[in-house]
Undergrad: 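Got a structure here, written out as structure tokens. Questions coming.
These numbers come from the heavy atoms of this one structure, side chains and all, not from hydrogens, waters or symmetry mates. Whatever order the structure lists ligands and atoms in, that order sets their numbers, starting from 1. If you read the sequence from its start, that first residue is 1, and numbering goes on from there.
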Amino acid sequence: MPETLDAIFRPQTIAVIGASKKPETLGYKVFHNLASFGFEGAIYPVNPKAEFILGHRCYHSVLDIPGPVDQAIIIVAKEWVAEVIDQCGRKGVKGVIVISAGFREIGGEGVRREEELLAKVREYGMRMVGPNCMGVFNTDPDVRMEGTFAPTQPHPGNIGFISQSGALGAVVLELANHLKLGLSLFTSMGNKADISGNDLLEYYQRDPNTDVILMYLESLGNPRRFLNIARKVTRDKPIIVVKAGKTTAGALAATSHTGAMADLDVAIDAMFHQCGVIRVSTIEEMFTLAMAFANQPLPSGRRVAVLSNAGGPGILATDALISHTLELAEFAPETTEKLRKMLPEEASVRNPVDMISTADEEDYQAALEILLADEHVDAVLVIFVTPILVKSFDVANKLAQVIHEHPHKTVVTCLMGHEGILSGVEELEKHKIPVYRFPESAVQALAAMRRYQDVRQRDYGKIRTFPVDKPAVREIIERARSEQRTLLYDDEVRRILISYGFPLAQARAVKTVDEAVEVAREIDGPVVVKLLSKTITHKSDVGGVQVDLRSEAEVRSAVSTIIYNVQKRFPGEKIEGFLVQEMVKGGKETVLGMNQDPKSGPVLMFGLGGIYVEVLRDVSFRIAPLTDHDAREMIESLKSFPLLQGVRGEAPADIEFIIENLQRLSQLAIDFDEIGEMDINPFIVGARREDCKIVDARMVIRDS
Ligand code: ADP
Ligand code: MG
């Protein structure tokens, strides 16, 4: 329920429990911030040892405060927090912000203490931010609540920030102030015992003052919920996330191809992509984007005009545009004519426009107006390099004027140089015009805005559910578990795949060479004979796969070859038997994989390559559940996708059928989180669905 967070962000009365007179304490800093930011409601310091704090009458306990209290900010020693929360509960407080540390983050006793807090919060139906956080603020003029111990006072604005790290939160506040970026809401989440990033996203989406959401994340609590919520939020407001990227160790030890390639970071990237979240790698980049998103409209297309007073920067900007899949706008004829008339002969009036170094503020004004009027231009990048005679302040001032008069077209600016441009930069920042020091950053911001425009309009597709035989799969998994096996036998894997409606190549397991010959006779056309072993999982590595056998003699000799190859490598190895399988011809080898990541849930993989998949690494990832749209993107995003479409007269592969099978895999992964890894490799795909067959697969059950 996002409304319940009103007790956190829009309280009418706040008690600061542990408020203090001593300026060096957090209890002082929080109370001081709250009092000096001009909170619109009543604030009560609570401290048994003081009578007044900063001129406010002090209470010994929250229970002594006359009248209702909506919110309590708690900064007492960790041992007292539970009791204080209990008092708050009795007082009818609805939201608590626990700044005190010494909980889950210290392990052991701290974990237990945090559980106790959470139990009390739940018992009284309260909501809690923290513990171990830096606090919360809301700059809404009707609220004006600054409940943090940050040293900087926030500027009101339209950016909402959510931080998993208190220290980084403080840094961001300072930087935002420096860049004159205003903030609406701020939350330092701390240990997220009760209120999670997901809850906050929902609340920020509804907050009328917030247009852009920034997050600093170290971990994701419930990724599937994040996916659902973020999909809704990003339709409405952009979410820009800095997520510290960590790779999980041990990926190399995985038995499946998917396990070896899908690390946690890949999963998170996939997830952000699936819900339209913009992931950046640094705080700097986060600000680069935030500055533009917060203050400029989204460009309606990818055609960019570059306006500069020098040639070099225009070329740099052009290169950056192209590498970000933006385009140089082709001007309307009247645009070029008008520019030609106003500019000196040496100027270049084609895009990128180079007005040369004599261009002054009047020229910038006139040229920008001309470009903004051109219907072939979706966005303008204005570049200004340190001139000799022209003042950057004057140019900035004029630019700001023109930009404010055209609020519907995207403009970003770039002032290059140092001393000479400082006053210009300041002037643009003051007028909330995105201003960058390098054309590449400006282009990066434009490109992100352009991509986000697509996100808002995108169709996320549908999740399809197929009729399947769940009990059959359950039984196989339970048997394996009761036998303490993690690797499933080949016949078990095949039964699971059949239960979920996958197309399997016709095959039968046999014990002897005579049986192999008999089965081969029953199968139409050439066959393949493969080693069946409980220990050797990569069969072709040991010469255990013999393909395209066309006669009884070839089948017999294939069996002998396999026995010989295995004995040579593993003397004394017990061969369980052989799989005789129809030979699937004429298709492309693809791989469908799944890796159950303990943090993000099932990660699905699609790629081309059969036994070469790890060499080519042309694979894509998404997290389950997969919509048809996700599945299609997985396929189309491969570098080798043209191979599936058919090159040099080949018939295209049945893409729709691959999509269907990826969705079946998604369903299987969601239904059984006991399955840790799956590798369908190869799934041989042909032009018609009858020609598409799985010829090999393996599955690993997780340790329970
Ligand atoms: P493994 O992955 O254990 O080495 P596979 O069963 O995947 O064994 O076989 C390895 C390769 O042999 C496949 O990538 C494919 O090229 C070929 N192959 C295996 N079975 C068939 C089949 N039934 N039809 C066509 N080619 C096959
Ligand atoms: Mg294989």
Side-chain angles (χ1 to χ4, degrees), residues 254-261 487-494 496-498 502-510 516 519-550 554-555 558-559 561-563 565-566 569-570 573 575-595 605-619 640 643-644 653 658 661 665 677-700:
T255 54
S256 67
H257 301 286
T258 317
M261 287 186 285
L487 196 63
L488 294 183
Y489 298 142
D490 191 70
D491 63 312
E492 293 173 323
V493 171
R494 274 184 289 139
I496 289 176
L497 292 174
I498 289 167
F502 287 96
L504 260 61
Q506 197 190 345
R508 254 180 60 199
V510 300
V519 172
R521 213 174 277 142
E522 286 162 22
I523 292 175
D524 226 11
V527 297
V528 178
V529 175
K530 300 180 187 180
L531 163 73
L532 280 183
S533 155
K534 288 185 177 167
T535 48
I536 300 170
T537 56
H538 294 286
K539 302 174 287 294
S540 46
D541 285 355
V542 299
V545 179
Q546 302 294 318
V547 299
D548 206 14
L549 311 171
R550 293 157 182 272
E554 282 184 13
V555 171
V559 170
T561 309
I562 292 174
I563 295 173
N565 286 343
V566 173
R569 294 235 194 161
F570 305 97
E573 169 77 23
I575 293 177
E576 303 293 324
F578 307 91
L579 191 74
V580 182
Q581 189 174 52
E582 76 177 282
M583 173 82 192
V584 180
K585 287 207 146 161
K588 301 259 162 31
E589 297 200 13
T590 66
V591 51
L592 274 57
M594 191 281 302
N595 193 44
M605 183 182 91
F606 177 73
L608 227 72
I611 54 173
Y612 301 123
V613 59
E614 269 153 284
V615 179
L616 300 175
R617 282 196 170 248
D618 188 15
V619 289
S640 46
L643 291 182
L644 289 174
I658 305 176
N661 283 289
L665 189 67
E677 291 169 40
M678 291 196 264
D679 223 357
I680 297 176
N681 186 24
F683 171 41
I684 303 182
V685 293
R688 299 166 311 164
R689 63 166 50 205
E690 308 83 87
D691 308 327
C692 301
K693 300 272 170 66
I694 291 173
V695 304
D696 185 34
R698 62 178 62 88
M699 292 186 192
V700 176

Undergrad: Contact between Val519 and Val527 at the side-chain level, heavy atoms closer than 4.5 Å - yes or no?
TA: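 Heavy-atom side-chain distance check fails, nothing below 4.5 Å.
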
Undergrad: May I ask whether Pro682 has any heavy atom positioned less than 4.0 angstrom from an atom of ligand 1?
TA: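 Yes; Pro682 lies near enough to ligand 1 that a heavy-atom distance drops under 4.0 Å.
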
Undergrad: Check ligand 1 against Val528 and write out every atom of the ligand that is under 4.0 Å from a heavy-atom position of the residue.
TA: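 So the atoms of ligand 1 that pass are 20 (N), 21 (C), 22 (C), 23 (N), 24 (N).
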
Undergrad: As an exercise, identify every atom of ligand 1 less than 4.0 angstrom from a heavy atom of Ser540.
TA: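 That gives atoms 1 (P), 3 (O), 4 (O), 10 (C) of ligand 1.
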
Undergrad: Please could you name the atoms of ligand 1 that His538 approaches to less than 4.0 Å, counting only its heavy atoms?
TA: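 Those qualifying, in numeric order: 3 (O).
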
Undergrad: Can you name the atoms of ligand 1, numbered from 1 with element, that are less than 4.0 Å from a heavy atom of Met583?
TA: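 Counting atoms of ligand 1 from 1, those under 4.0 Å from Met583 are 24 (N), 25 (C).
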
Undergrad: At the 4.0 Å heavy-atom cut-off, does Lys693 count as touching ligand 1?
TA: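 In this structure, Lys693 fails to qualify as a contact of ligand 1 - no heavy atom is under 4.0 Å.
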
Undergrad: Verify side-chain contact (heavy atoms from CB on, under 4.5 Å) between Phe578 and Leu532, making sure each step is shown before the conclusion.
TA: CA-CA 5 Å; Phe578 307 91; Leu532 280 183; 5.6 Å; no

Undergrad: Strictly below 4.0 Å, N to O, side chains only: are Lys539 and Asp696 in salt-bridge contact?
TA: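 Salt bridge present between Lys539 and Asp696.
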
Undergrad: Can a donor-acceptor pair be found, under 3.5 Å and without considering hydrogens, that links the side chain of Gln581 to the backbone of Val695?
TA: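 It does hold such a pair.
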
Undergrad: Under 3.5 Å between any N/O of Val584 and any N/O of ligand 1: does that happen in this structure?
TA: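 The answer is yes, given that Val584 and ligand 1 share an N or O pair closer than 3.5 Å.
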
Undergrad: Considering Lys530, Glu582, Gln546 one by one, which has a heavy atom nearer to atom 23 (N) of ligand 1 than any of the others?
TA: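 The residue whose heavy atom sits nearest atom 23 (N) of ligand 1 is Glu582.
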
Undergrad: Indicate yes or no: at least one non-hydrogen side-chain atom of Leu665 is less than 4.5 angstrom from one of Phe502.
TA: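 Counting from C-beta outward, Leu665 and Phe502 do come under 4.5 Å.
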
Undergrad: Quick one: does Asn565's side chain have a donor or acceptor within less than 3.5 Å of a partner on Gly543's backbone?
TA: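 It does hold such a pair.
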
Undergrad: Would you say Lys693's side chain and Val584's backbone share a donor-acceptor pair under 3.5 angstrom?
TA: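 Not a single qualifying donor-acceptor pair exists.
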
Undergrad: Can you list the atoms of ligand 1 that are under 4.0 Å from a heavy atom of Glu589?
TA: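 Taking each heavy atom of Glu589 in turn, ligand 1 has 13 (C), 14 (O), 15 (C), 16 (O) under 4.0 Å.
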
Undergrad: Within 2.8 Å of the Mg ion (ligand 2), is there any N, O or S atom belonging to Asn681?
TA: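 Short answer: yes, at least one N, O or S atom is under the cut-off.
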
Undergrad: Rounded to the nearest 0.5 Å, what separation is found between the CG atom of Leu531 and the OG1 atom of Thr561?
TA: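 It comes to 12.5 Å.
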
Undergrad: Report yes if Asp541 has an N/O atom closer than 3.5 Å to an N/O atom of ligand 1; otherwise report no.
TA: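 No - when backbone and side-chain N and O of Asp541 are compared with those of ligand 1, no distance drops under 3.5 Å.
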
Undergrad: Would you check whether Ile684 reaches within less than 4.0 Å of ligand 1, judged by its heavy atoms?
TA: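 Yes, Ile684 has a heavy atom closer than 4.0 Å to ligand 1.
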
Undergrad: For the Mg ion (ligand 2), which N, O or S atom of Asp696 is at the shortest distance?
TA: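 Sorting the N, O and S atoms of Asp696 by distance to the Mg ion (ligand 2) puts OD2 first.
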
Undergrad: Which ligand 1 atoms, with their elements, are less than 4.0 angstrom from a heavy-atom of Asn681?
TA: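 Within the 4.0 Å cut-off of Asn681, ligand 1 contributes 7 (O).
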
Undergrad: So how far is it from Gln546 CD to Glu554 CD, rounded to the nearest 0.5 Å?
TA: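 The CD atom of Gln546 sits 10.5 Å away from the CD atom of Glu554.
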
